[in-house]
Number of protein chains: 2
Amino acid sequence: MLLSKSCVYGLRAALFLATRKDGEYTPIKGMSEKLEISFHFLTKILQQLTAEGILKSYKGPNGGVKLTKPGHEVTLMDIVLAIDGPKLLTECALGLPGCGLKNPCPLHDKWAETRDSIRDMLENTSLTDLVRKGIEENLRLTDDGDFEDLLRI
Amino acid sequence: MLLSKSCVYGLRAALFLATRKDGEYTPIKGMSEKLEISFHFLTKILQQLTAEGILKSYKGPNGGVKLTKPGHEVTLMDIVLAIDGPKLLTECALGLPGCGLKNPCPLHDKWAETRDSIRDMLENTSLTDLVRKGIEENLRLTDDGDFEDLLRI
DNA sequence: TTATTTTAAGACAAAAGACTCTGTAATTAG
DNA sequence: CTAATTACAGAGTCTTTTGTCTTAAAATAA
Ligand code: SF4
Ligand code: SF4
């Protein structure tokens with residue numbers, strides 16, 4: 001897999017948070033139930049995002065987490081970097097030793113192209129982009145629910 | 001990582017075999033030393049390739065493994081499919097549940113493009129292509145050796 | 001035949017990734 | 001103040017991947 005499972009879960013959660021009203025803290029428990037992700041595991045992942053400054057958290061009743069910035073200012077790349085780190089952009093698909101720009105194999109150019117295409121996609125897509133499209137086309141974040149569901153909570 | 005480590009090792013070994021003379025069996029032991037891959041681990045990987053018909057093997061003195069077909073008829077995709085299976089081509093990068101062609105997220109088109117580009121690259125590159133380029137531009141298959149080395153053995 | 005060289009097969013071990021559990025600290029409501 | 005609710009922290013478990021080891025089977029050579 002291109003992205004780790006943690007990373008995909010983090011993306012799902014971030015999308016979920018982008019559907020909530022600004023300023024409101026959303027408890028992780030409810031999120032984990034809606035998204036069908038283990039509560040403790042999701043907690044751990046969101047702690048990373050909090051540590052990276054992508055989320056703000058608040059303890060106690062009415063506490064939870066929320067996006068630090070509005071959804072249209074958060075790109076998928078922000079989440080991926082926070083959870084999986086930069087290896088996606090730096091590592092080569094084949095990973096033949098001793099090669100690279102100075103000494104490329106025949107795949108190098110094509111792979112650089114592919115990698116750039118992935119990077120562009122992640123950098124140029126914001127959470128809000130996905131939420132909007134999700135609502136328009138009824139994309140699900142879970143197996144059974146839909147976006148309408150999420151907005152109604 | 002896009003490809004598993006086993007798969008990368010398999011590709012390295014297949015490239016190595018594509019440098020050898022047709023018809024000669026190459027012992028895995030020597031290969032593992034040249035490529036700096038654990039002998040037993042490499043054996044296991046090459047057994048898969050043998051089971052898939054990509055390699056032929058022969059036991060006993062002067063035995064070893066060799067490519068079933070000439071190097072220019074073996075694509076990188078052949079190796080990848082044999083070791084990592086088709087999930088690279090079927091799985092989505094994000095893996096959001098419940099979506100797909102019928103119900104695409106905004107990434108779907110771009111991702112399909114990316115995936116096609118990876119597939120084309122793997123399908124249209126033969127072992128011989130890489131070996132030729134490797135010789136021309138002195139690509140290494142190991143940290144210290146070079147292609148000249150391999151050809152001299 | 002006997003010793004040697006080689007792959008085949010499968011059990012075993014270590015490391016990494018994915019997930020769980022238990023307890024603690026902060027915050028609020030009553 | 002007390003009890004409830006929430007995130008935080010870290011240890012612990014399960015699974016998959018990666019890698020090691022041992023033994024068997026096939027082939028050859030002497
Ligand atoms: S030359 Fe480039 S594409 Fe080819 S193996 Fe090296 S880093 Fe990867
Ligand atoms: S719509 Fe396509 S690209 Fe988007 S998450 Fe689903 S399968 Fe992946």
Enquirer: Nearest whole angstrom, please: distance from the C1' of C:dA18 to the CG of A:Leu3.
Expert: 15 Å
Enquirer: For the side chain of A:His40 and the base of C:dC19, is some donor closer than 3.5 Å to an acceptor across the two?
Expert: no
Enquirer: Rounded off to whole Å, could you give me the CZ-to-P distance for the B:Phe39 and D:dT22 pair?
Expert: 13 Å
Enquirer: After noting the C-alpha distance and the side-chain angles of B:Leu127 and B:Leu76, does the key distance pass the side chain to side chain contact (heavy atoms under 4.5 Å, CB included) rule?
Expert: CA-CA 7 Å; B:Leu127 296 179; B:Leu76 301 189; 3.9 Å; yes
Enquirer: Rounding to an integer number of Å, can you tell me how far A:Lys29 NZ sits from D:dT6 P?
Expert: 9 Å
Enquirer: What's the closest nucleotide to the side chain of A:Lys59 if the choices are D:dG19, C:dC19, D:dC8?
Expert: D:dC8
Enquirer: Nearest to the side chain of A:Tyr58, heavy atoms from C-beta on, is which of D:dT20, C:dT27, C:dC19?
Expert: C:dT27
Enquirer: Select one nucleotide: of D:dG19, C:dT20, C:dT6, the one nearest the side-chain heavy atoms of B:Tyr9.
Expert: D:dG19
Enquirer: Taking CG from B:Leu49 and P from C:dT7, how many angstroms apart are they, rounded to a whole number?
Expert: 14 Å
Enquirer: Let me know the distance between CD of B:Gln48 and P of C:dA8, rounded to the nearest Å.
Expert: 12 Å
Enquirer: Calculate the interatomic distance between B:Leu42 atom CG and D:dC21 atom P; express it in whole Å.
Expert: 16 Å
Enquirer: Side chain of B:Gln47 only, heavy atoms from C-beta on: which candidate in C:dA8, D:dG19, C:dA18 is closest?
Expert: C:dA8
Enquirer: Of the options C:dT7, D:dA7, C:dT5, whose atoms approach the side-chain atoms of B:Pro61 most closely?
Expert: C:dT5
Enquirer: Atom NZ of B:Lys44 and atom C1' of D:dT16: how far apart are they, to the nearest Å?
Expert: 15 Å
Enquirer: A:Asn62 or A:Lys5: which one's nearest nucleotide on DNA chain C is closer to the 5' end?
Expert: A:Lys5
Enquirer: Going by distance alone, is a donor N or O of one side chain under 3.5 Å from an acceptor N or O of the other, for A:Ser117 and A:Asp120?
Expert: no
Enquirer: Is B:Ser6 near enough to D:dT17 that one of its side-chain N or O atoms lies under 4.0 angstrom from OP1 or OP2?
Expert: no
Enquirer: According to the interplanar angle, ranging from 0 to 90°, do the rings of A:Tyr9 and A:Phe41 count as parallel (below 30°), tilted (30 to 60°) or perpendicular (above 60°)?
Expert: perpendicular
